[in-house]
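So that we are looking at the same thing, I have put the structure below in structure tokens.
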Amino acid sequence: MKPSAFDYHAPRTLGETLEVLAGAGPHGKVLAGGQSLIPLLNMRLAAPSHLVDINRVTSLDTIAVRDGGVRVGALARHAAVERSAAVARAQPLLGAALRLVAHPVIRNRGTVVGSLVHADPSAELPAVLTVLDGSVRLARHGGGERDVPAGEFFTGPLESATEPGELAVSAFFPALPARAGSAFCEVARRHGDYAMAGAAAVVVLDEDLRIASARVACVSAGPVPVLLDMSEVCAHRPAASDDWDAVARAVRDLIDPEGDIHATAGYRRHLTGVLAARALRIAAQEATEDRDDATGGPR
Amino acid sequence: MTTKLFGERVQRREDLRLITGQGRYVDDLGRDALAAAFVRSPHAHARIRDIDVSAAVDVDGLVAIYTWEDLPERVRDPLPLLIPHPALTHGRTAYPLARDIVRHVGEPVVMVVARDRYLAEDAAALIEVDYEFLKPVVGIEEAAQGAHLVHEDVPGNLGAHLVQEVPSASGAGAREAIEAAPHTLAFRLDFERSASMPLEGRGVYARWDPDDRSLRVYSSTQTSTSVRMAVAAKLGLPLPSVEVIAPDVGGGFGVKIVHPWPEEVLVPWAAMLLGREVKWTEDRREHFISSAHERGQVQHVRVGFDGEGRILGLDVTILHDHGAYTPYGIIVPIITATQLLGPYRIGAYRVEFSSIYTNTVQVTPYRGAGRPQGVFCMERTMDRIAAHLGLDRADVRAANFIQPGDFPYDQGLIFQDGRPLIYDSGDYPESLRMIKELIGWDGFAALKAEAAAEGRTIGIGLGCYVEGTGVGPYEGGHVQVTSDGRVHVSTGLTSQGQGHETVFAQIAATELGVPLDRVSVVTGDTRRFGYAVGTFASRAAVMSGNAIALACRKVRDKALRIAAEALEADPRDLEIEDGMVRVAGNPGASIALATVAVLSNPLRYAFDEEAKRATQFSGAASMDRPPVAEGEEPGLEGRDYYSPVRSTFASGMHAAIVETDPDTAEIKILRYAVVHDCGRLINPMIVEGQIHGGVAQGVGGALYERMVYDAHGQLLNASFMDFLMPYATEVPFIETAHLETPSPLNPLGIKGAGEAGVIPVSAVIAAAIEDAEGITIDRMPISPSELHELRGRATS
């Protein structure tokens, strides 16, 4: 459990980082929080010849609420985003999901953008980015920046659209609109484990407090976060009276999860239905309550 | 007055050191030592065709590469079969490095020594081993069919077969008694593997001194004295030239009683050969695939009983999976077969086990050591009887209890120490009364109905056990009072965090009448104490505790003799308090124990003020006798041993209330209660800590942990990400109550406490889930996914 040899780079600026990454090409790997990468290195499941440590590039340690959403820089730790009151106001789903990410000591080191680039379909943050239609901003040396929407960013288990030489510099999570609610529900074997199943849900109500849009992104249900639009199933009914069992059944019909040593495919399908319906129900309730005490403008 | 320290909740003296990072574990030692790493088999069963090391020899910092071919006589021999048994007709042990066939994933094949562990692993990764695949044998029942063999010369993969039979009072055999019984049941039970999984893995660090040709070995072991003998024998060294020290050890739980491990032979051998310090520290993956597991059994039960649920005949057939090798003999299935009977008087009993080879990691004792499986069998049987008769589960147990007047009670079986299974003392009806009160057994039906009205599903379960503790053959203690008044206690058995430094000091302080802070304790260091067996089988407090007490009594007698002379008093009138020997009722007449220590050692040379008092012109000595009287020895010290005629039997009962989620099938333990009887308590806080740790491991075994082998013999969950040890968040608050029925077998009246907590947990949780769900639970552990599948089967 010792990594094989690598060249260690510790750039101090974004420009320098991109230059090093460009030079390393497919042999380079970015080290941010290291909560997934370091175990992979120690078990020699990954053996990059260049490790580019961005922890000194403090310009990436940013959390900004503007332009209708939350922009999280590549060096912002889970814990910082979780504790940000501004983030909680703009997009409460982020904090709700982050509290389910592993344990406090891991969240103190791990980064939000790192979790996204790691692209584990069992992880919470890819589901959050997916259900919110967020995006990831990628930069490369001499090549400017490009924004990749969530739907295109996750390309497979542990695979993202990030190309060799590119650095994910930030992620953008759109704010919750008015008359909307969100929730994250999951079941893990132990507190803080990767979830056997889980769902990030966003529900938007119309003027009459009927469900206008109901979207849910499921974790551990496929090779990438599985986005399901349940708006039809929930269509135009008041949140309080909806038939959540029907939603659960519909979710089960739409997914095709795999079994593993912790959960059979059948259990995972069942559980995803339960949790997706539960998350949508809570989100709908929140949206209703949001409307009830919505004396101010849109959040 | 000296505080009576025996029985007090004394804070653990080792904790400040251990929890502030001041502990010294094997890997903290020998910072400049060369590092060893091992190439291990990636296959469960294969023949080694060729080993090509050519790519590795150029690695910078490489020192040596060894294969089996490179090992000298004795070192190259198969490792010892530690506990032979007549029923173990086909015992097999591994070579320290695979000779031609590998029999489980993780078996060591090549040893690499390099400047550091990074380089050693670089070199190991470049060594190519050419394997010819052989058919892997995985799964107890598949293995027992014997279609493919783990060892070519072991037909049917059958390592051992043992039958024990105890007829009824009227002479009927169990099968006959079952046939004649008014009610009978037959069923099958399954128990999965888990493992000791100490947070510190194994580790060995060896220093060879070429000047005086001696070897010092530090090992993370549960038995330093026996490792010493094994290493000396393997390396052909005189025993006095080998020292073995167990420094701080980060948990053992059974796996570290096995010895010598391949690395415990190879690392010292390489150190000697190279004339350099060599160290190996096991990593987590190595621990999963190269050390030991436990628990895996399939049991077939037939039971006959009367209308009150009294068992008239019990017939149990056990298939025990012992993995690829049997270094620890058949101790685990013997314990299952004998301790299965628990606190019950059974009409007639027949037990048969077959111990089976599979191409998986070897099976050796893990905390509980076969008892969790046996208790699972017996307690599931009790619950089935209650369900069949429509009786209260506690009442069925009570109907079968051995009564307080029945002790000593002979179960008629031979226990793991080769001696009769005779219970020394206990009070099972009182234990049951206490546990029912603690958990609220009688009021539970109302609670369950209330929960059901809220749409919640809860259930209650109960489990009883008896644990043979403190097995022989012996332990010893040495106690020395030095002229500064300090008391130095040593014992040969080792510590893995149990709190020995505290409880042994409590015993010594109480026996000698000295303040606790005057007493220091050393364990597991062969430089201090050479004769010992080891720390396992809940035996440390019973064995070394009593030995230390006996050694203290020798010291005390001697101190009183010397003090009596100095005080011109009768030794019978003396007492020791706060380190002062006093004439009872005469506070003025006293002498410090420190001074007694000075006087105990007649001196020619005065090296300090204290020593002056013992020199030849001090006038202290009588001119009519030799300075050291006949039959005496210089110094205020004593050594004694405790060797029991047989084990002493602790007992306990656990109860739990669980809630199962109707939608997600999650299983939550709402309450967990323990009544525990380990005889006289030396330190209730430490006993409770042992119970908490045991229950935590029991919860792991019941709801989280398993070894997931695929059909190829690959362990699919060999990491802490997928092998689910419970966190603090998964372990419930544990309510405890103590019952003390002293053991009549030893001077202190104590029984072992180390393993107890883990033993009945799977049985209790299974019973509680069964009660909640109304679905028969015959296989543990159980996960939400499995509960979901069981629900599906129950409704289809």
Side-chain angles (χ1 to χ4, degrees), chain A residues 1-6 35-36 39-45 47 100 102-106 120 122-123 185-199 220 244-245 248-249 252 257-279 281, chain B residues 35 37 59-61 114 116-126 201 281-287 661-667 699-700 703-710 715-731 781 783-792:
Chain A
M1 291 231 192
K2 302 290 181 199
S4 50
F6 53 79
Q35 297 302 296
S36 299
L40 289 173
L41 293 178
N42 284 346
M43 289 188 270
R44 300 196 177 205
L45 295 172
L100 299 170
H103 305 275
V105 287
I106 290 175
D120 192 319
S122 310
C185 294
E186 69 173 38
V187 170
R189 285 292 275 117
R190 296 173 301 187
H191 180 81
D193 281 351
Y194 279 112
M196 291 186 286
S220 298
W244 298 109
D245 285 346
R249 282 195 299 276
R252 287 180 195 127
E258 287 187 10
D260 64 19
I261 62 172
H262 302 302
T264 61
Y267 175 61
R268 189 160 267 148
R269 182 190 296 276
H270 166 84
L271 191 58
T272 305
V274 170
L275 296 172
R278 195 178 278 179
R281 175 171 54 79
Chain B
V59 169
D60 173 50
D116 62 41
R117 180 67 178 250
Y118 293 82
L119 300 171
E121 290 192 21
D122 287 349
L126 293 170
T281 304
E282 185 180 58
D283 68 33
R284 189 52 55 184
R285 180 166 168 78
E286 287 182 298
H287 189 77
D661 187 303
D663 296 323
T664 64
E666 287 169 282
I667 302 160
V699 167
L703 296 175
Y704 298 99
E705 299 169 359
R706 65 185 66 214
M707 291 292 170
V708 187
Y709 276 103
D710 69 9
L715 184 59
L716 301 181
N717 61 336
S719 78
F720 277 161
M721 199 156 144
D722 285 318
F723 177 85
L724 308 176
M725 282 211 293
Y727 302 126
T729 39
E730 279 64 52
V731 179
S783 67
S785 184
E786 285 158 321
L787 179 57
H788 174 75
E789 303 295 323
L790 285 179
R791 284 173 175 174

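Numbered from 1 within each chain, the chains take letters A, B, ... in sequence-line order. Being a predicted model, the structure only gives us computed values, none of them experimental.
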Worksheet item: Where on B/Ala728 is there a heavy atom nearer than 4.5 Å to chain A: the side chain, the backbone, both, or neither?
Response: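 B/Ala728 has no heavy atom closer than 4.5 Å to chain A.
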Practice prompt. Against chain A, work out which of B/Asp663, B/Leu703, B/Asp661, B/Leu716 has the most heavy-atom pairs shorter than 4.5 Å and name it.
Written response: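 The option with the most such pairs is B/Asp663.
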Worksheet item: Is there a side-chain contact (heavy atoms from CB on, under 4.5 Å) between A/Tyr267 and B/Glu786 once you walk through the steps?
Response: CA-CA 8 Å; A/Tyr267 175 61; B/Glu786 285 158 321; over 6 Å; no
Discussion item. How long is the straight-line distance from CD1 of A/Ile261 back to OH of B/Tyr709, given to the nearest 0.5 Å?
Written reply: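 Going from the OH atom of B/Tyr709 to the CD1 atom of A/Ile261 covers 13.0 Å.
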Item to complete: Check for a donor-acceptor pair, side chain of B/His788 on one end and backbone N or O of A/Arg268 on the other, with a separation under 3.5 Å.
Response: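 A pair under 3.5 Å: no.
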Worksheet item: Residues in side-chain hydrogen bond (donor to acceptor under 3.5 Å, both in side chains) with A/Arg190, at least two apart?
Response: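 Counting only residues at least two positions away or on another chain, A/Arg190 forms a side-chain hydrogen bond (donor to acceptor under 3.5 Å, both in side chains) with A/Asp193, B/Tyr727.
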Discussion item. If you count heavy-atom pairs within less than 4.5 Å of chain A, which of B/Met721, B/Glu666, B/Glu286, B/Arg706 leads?
Written reply: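 Between B/Met721, B/Glu666, B/Glu286, B/Arg706, the count favours B/Glu666.
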Worksheet item: Quick one: CZ on A/Arg189 to OG on B/Ser785, what's the gap to the nearest 0.5 Å?
Response: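 Reported to 0.5 Å precision, the distance equals 8.5 Å.
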Practice prompt. List the steps and the verdict of side-chain contact (heavy atoms from CB on, under 4.5 Å) for A/His262 and B/Asp722.
Written response: CA-CA 8 Å; A/His262 302 302; B/Asp722 285 318; 2.9 Å; yes
Discussion item. Can you tell me which of A/Thr264, A/Val274, A/Leu275 forms the most heavy-atom pairs within a distance under 4.5 Å of chain B?
Written reply: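 Greatest number of close heavy-atom pairs with chain B: A/Thr264.
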Worksheet item: Between B/Thr729, B/Leu724, B/Asn717, B/Asp116, which shows the greatest number of heavy-atom pairs under 4.5 Å with chain A?
Response: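 Of the options given, most contacts go to B/Leu724.
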Worksheet item: Can you say whether B/Glu121 sits under 4.5 Å from chain A via the side chain, the backbone, both, or neither, judging by heavy atoms?
Response: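 B/Glu121 touches chain A through backbone and side-chain heavy atoms alike.
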Worksheet item: Any idea which of B/Val708, B/Leu119, B/Asp122 has the most non-hydrogen atom pairs under 4.5 angstrom with chain A?
Response: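 Result: the option with the highest number of such pairs is B/Asp122.
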Item to complete: Keeping the roles fixed (side chain from B/Glu730, backbone from A/His191), state whether a donor-acceptor pair exists under 3.5 Å.
Response: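 Yes, B/Glu730 side chain to A/His191 backbone: donor-acceptor pair under 3.5 Å.
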Worksheet entry | Residue, of A/Ser4, A/Pro3, A/Gly266, that accumulates the most heavy atom pairs under 4.5 Å with chain B |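 Result: the option with the highest number of such pairs is A/Pro3.
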Fill in: Test side-chain contact (heavy atoms from CB on, under 4.5 Å) applied to B/His287 - qualifying residues, sequence neighbours left out
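B/His287 satisfies side-chain contact (heavy atoms from CB on, under 4.5 Å) with B/Met197, B/Pro198, B/Val255, B/Glu282, B/Arg284, B/Ser291 once adjacent residues are dropped.
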